[in-house]
Q: 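Quick one: this structure, given as structure tokens, is what I'll be asking you about.
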Protein chains: 2
Amino acid sequence: MAVRPDRSVASGTIAWTQVRDEIRARGLRWTAQRRRILEVLEATRGHVTGSELVERCRERDPATTPSTVYRTLDVLEELGYLSHSHSAAGREEFHVMPEAEHAHLQCRVCGRTWELDADEAESVVDPVARSHGFAADLGHLTILGRCAVCVSAEAAEPRLPA
Amino acid sequence: MAVRPDRSVASGTIAWTQVRDEIRARGLRWTAQRRRILEVLEATRGHVTGSELVERCRERDPATTPSTVYRTLDVLEELGYLSHSHSAAGREEFHVMPEAEHAHLQCRVCGRTWELDADEAESVVDPVARSHGFAADLGHLTILGRCAVCVSAEAAEPRLPA
DNA sequence: CACGCTATCGCAACACGTAGCGATAAGAGG
DNA sequence: CCTCTTATCGCTACGTGTTGCGATAGCGTG
Ligand SMILES: [Mn+2]
Ligand SMILES: [Mn+2]
Ligand SMILES: [Zn+2]
Ligand SMILES: [Zn+2]
């Protein structure tokens, strides 16, 4: 559904003049609120939650309303400028224009996360593509579990050392 | 972390006398509220959200409090009698004593879900086990995407038929 | 530039959980 | 059966989003 437009800028950076034009071209409207959200996104790297973005918008304009921010994030995701996955807690985490689609690994013990590049993510979902004809949304995928470090820490300390 | 005790009952059924005994053995307490939640779970098949369980408890006792239900669900999951994954919307979905650990496929277009048996789920997470030493939590895994039916429907109807 | 359509806004109410707190009661021990 | 410890309860307030609605304001058109 989400269309990913071509981009002429460095990866990880939103070309906001392009966003503005595309929004207008679709009969949507370029508003001060949307421009502000885009500014915040421009200054954002990596993963962010919606409430973090609301907070950052409020730093620039205390009058910022959460519903406006969340609705704009929906629009931008629909247009392909954002994607999201879910943290272990189930909360949405937005990715600002990831240079390439990637999936995630998150350790439920230490909380650290890793990104799986497109190739590796592809090899993960290959079995379901073959057996079910299922077209997985790689960017949405987060695999929860225990990382190598935490697994071996558990093995070393099977019970509380009395 | 969650310990999965041996069970002598049919799969998909909670042996609530065993839950009671295990709760007491751990210094926890067997209360009327917990018994009621167990009764509701006994009558439940497949996947359920927390709010659905609150609602079903209220049918039996209108005085049911959400926080009590959610806290009990946490306890039962800790003890290994429940597991949860997340729907496309990110909400928790509980599985009552699944006969075997299984992962999920969910179509974001039609909403249907499929269960991946343990073998298939294993083959999905095998690449990350090999390359990262990552021990994935299969029961928590939901792969979102488009099912075979919806993919071919899209291909057949590339644009709105004018 | 003024007009009109309607997308978007802010607000208030709601939904779903979570967390802290003082009161209650489970249940172990005598 | 009484006592004591403390796990659990219900309550309230909070956090994070979502939704419906009436008012506002983009922006395409003449
Ligand atoms: Mn979860
Ligand atoms: Mn999602
Ligand atoms: Zn870890
Ligand atoms: Zn489908």
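Below, chain A is the first sequence line, B the second, and so on; all start at residue 1. Worth saying up front: this structure is predicted, and the values here are computed from it rather than measured.
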Q: OP1 or OP2 of dG27(C) versus the side-chain N and O atoms of Arg24(B): is any pair under 4.0 Å?
A: yes
Q: Can you tell me the distance, in whole Å, between the CG atom of Asp74(B) and the C1' atom of dA19(C)?
A: 12 Å
Q: Between Arg36(A) and Thr64(A), does any side-chain donor sit less than 3.5 Å from a side-chain acceptor?
A: no
Q: Output the rounded distance in Å from OH (Tyr70(A)) to P (dG15(D)).
A: 12 Å
Q: Between Leu28(B) and Ser67(B), which residue's closest nucleotide on DNA chain D lies nearer the 5′ terminus?
A: Leu28(B)
Q: Would you indicate, yes or no, if dC9(D) has its OP1 or OP2 atom less than 4.0 angstrom from a side-chain nitrogen or oxygen of Thr65(B)?
A: no
Q: Under 4.0 Å: is that the gap between some side-chain N or O of Arg91(B) and OP1 or OP2 of dA15(C)?
A: no
Q: State, without any angle test, whether Ser131(B) and Glu120(A) hold a side-chain donor-acceptor pair at a distance under 3.5 Å.
A: yes
Q: For Arg35(A) and dG26(D), give me the distance from atom CZ to atom P, rounded to whole Å.
A: 9 Å
Q: Name the closest nucleotide to the Ser51(B) side chain, picking from dA25(D), dA25(C), dG17(C).
A: dG17(C)
Q: Measure from CD on Glu77(B) to P on dG17(C) and round the result to the nearest Å.
A: 13 Å
Q: How many whole angstroms separate atom CG of Leu73(B) from atom P of dC9(D)?
A: 11 Å
Q: Looking at dT8(D), dA7(C), dG10(C), which one has an atom nearest to any side-chain atom of Arg29(A)?
A: dA7(C)
Q: Need to verify one output field. Residue with the more 5' nearest nucleotide on DNA chain C, Arg34(A) or Pro66(B)?
A: Arg34(A)
Q: Need to verify one output field. Residue with the more 5' nearest nucleotide on DNA chain D, Thr49(A) or Arg71(A)?
A: Thr49(A)
Q: Roughly, in whole Å, what's the span from CD in Glu52(B) to P in dA15(C)?
A: 15 Å
Q: Would you mind reading off the distance between Ile23(B) atom CD1 and dC9(D) atom P, rounded to a whole angstrom?
A: 9 Å
Q: With His104(A), which of His86(A), His140(A), His47(A) fulfils ring pair (Phe, Tyr, Trp, His ring centres under 6.0 Å)?
A: His47(A)
Q: Would you kindly give the CZ-to-P distance between Arg20(A) and dG26(D), to the nearest whole Å?
A: 15 Å
Q: Do any N or O atoms from the side chain of Arg34(A) and from the backbone of Arg29(A) form a donor-acceptor pair under 3.5 angstrom?
A: yes
Q: Using ring centroids (six-membered ring only for Trp), state whether His95(B) and His84(B) fall under 6.0 Å.
A: no
Q: Would you say dA7(D) has OP1 or OP2 under 4.0 Å from some side-chain N or O of Thr31(B)?
A: no
Q: Just to confirm, is there a sub-4.0 Å distance from OP1 or OP2 of dA25(D) to any side-chain nitrogen or oxygen of Gln33(A)?
A: no
